[in-house]
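What follows is a short report on a single structure.
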Amino acid sequence: MEQSFYDQVFELVKLIPKGRVTSYGAIAKGLGSGGSARMVGYAMSNAHLAASPIPAHRVVNSSGLLTGKFHFSEPNLMQELLEKEGVVVKDDKIQNFKKHFWDPLVEL
DNA sequence: TTAGTGACCATAA
DNA sequence: ATTATGGCCACTA
């Protein structure tokens, strides 16, 4: 069965532990695609169409910024979900990003 | 097939 | 600090 890059991204994102975050580039690298970070974000744009719920709020850019928050049903949702899981967000940016960072290459 | 696109990343000024 | 630019890869029309 052919699994599209999208599906691989979705699965990996679903594996992100609660209270942890990761970056698009890390996901791309974890999938072995290396520089296809843009594709990861592209996949997330279809995340709301996926069969399973995708915790896209746990995926941010390399700076820890919630770049994709406007793609959620409600822009505030992303930040709220993160704070709800114990992640501190200020001005659309995750505090202690490195501390909450979850690297699929290391943890997986 | 070609062209266009993007929730990125890194570098340069 | 911000703005601009190039590269990068997979998908869609």
Side-chain angles (χ1 to χ4, degrees):
Chain A
M1 6 190 299
E2 302 109 39
Q3 285 196 325
S4 300
F5 190 83
Y6 284 19
D7 298 317
Q8 297 181 37
V9 173
F10 296 152
E11 288 192 38
L12 189 56
V13 171
K14 283 192 274 187
L15 294 177
I16 302 176
K18 180 176 178 243
R20 295 294 202 113
V21 291
T22 190
S23 67
Y24 301 95
I27 292 173
K29 201 174 178 203
L31 294 175
S33 297
S36 62
R38 308 187 77 175
M39 249 300 91
V40 177
Y42 201 79
M44 305 312 304
S45 95
N46 286 320
H48 70 111
L49 306 173
S52 308
I54 311 296
H57 57 278
R58 295 183 186 149
V59 186
V60 296
N61 70 356
S62 61
S63 305
L65 283 166
L66 312 186
T67 53
K69 71 174 197 172
F70 290 113
H71 289 253
F72 283 73
S73 36
E74 298 288 327
N76 333 22
L77 185 62
M78 187 170 189
Q79 180 171 333
E80 288 209 7
L81 288 171
L82 285 170
E83 293 185 326
K84 202 166 160 190
E85 296 184 354
V87 180
V88 182
V89 179
K90 172 147 198 171
D91 194 35
D92 297 345
K93 175 148 175 233
I94 295 178
Q95 306 301 299
N96 300 324
F97 179 53
K98 288 178 80 175
K99 185 174 181 177
H100 292 294
F101 188 74
W102 178 81
D103 191 340
L105 291 174
V106 176
E107 308 280 346
L108 217 55

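Predicted model only: the values in this text are computed from it and were never measured. Residue numbering restarts at 1 for every chain, and letters A, B, ... go by the order of the sequence lines.
Residues of residues 93-108 of chain A having a heavy atom closer than 4.0 Å to DNA chain B: none are found.
Taking atom OH of Y24(A) as the reference point, atom C1' of dG6(B) lies 11 Å away to the nearest angstrom. Remark: P of dA7(B) and CD1 of I16(A) are 18 Å apart, rounded to the nearest angstrom. Protein atom CG of L65(A) is 13 Å distant from nucleotide atom P of dA10(B), rounded to whole Å. Straight-line distance from the CG atom of L49(A) to the P atom of dA7(B): 14 Å, rounded to whole Å.
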Base versus backbone protein contacts along nucleotides 8-13 of chain C [heavy-atom cut-off under 4.0 Å; B, S, -]: BBBS--
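When hydrophobic clusters are built by joining Ile, Leu, Val, Met, Phe, Trp and Tyr residues whose side-chain heavy atoms come closer than 4.5 Å, directly or via intermediates, F10(A) is not grouped with L49(A).
Counting heavy atoms from C-beta outward, V60(A) and L65(A) have side chains that stay 4.5 Å or more apart. Under the 4.5 Å side-chain criterion, counting only non-hydrogen atoms from C-beta, P104(A) is in contact with T22(A). In this structure, V21(A) and W102(A) have side chains that are not in contact, with every pair of non-hydrogen atoms separated by 4.5 Å or more. Side-chain atoms of L82(A) and L66(A), non-hydrogen and from C-beta on, do get closer than 4.5 Å to each other. The shortest distance between side-chain heavy atoms of M44(A) and I54(A) falls below 4.5 Å.
Residue S45(A) is in base contact, counting any heavy-atom pair closer than 4.0 Å across all strands shown. Among the atoms of the strands shown, base atoms are found under 4.0 Å from some heavy atom of A56(A).
F70(A) CZ to L77(A) CG: the interatomic distance, rounded to the nearest 0.5 Å, is 13.0 Å.
Sequence neighbours left out, the pairs with a member in residues 58-74 of chain A that pass side-chain hydrogen bond (donor to acceptor under 3.5 Å, both in side chains) are R58(A)-E85(A), K69(A)-D92(A).
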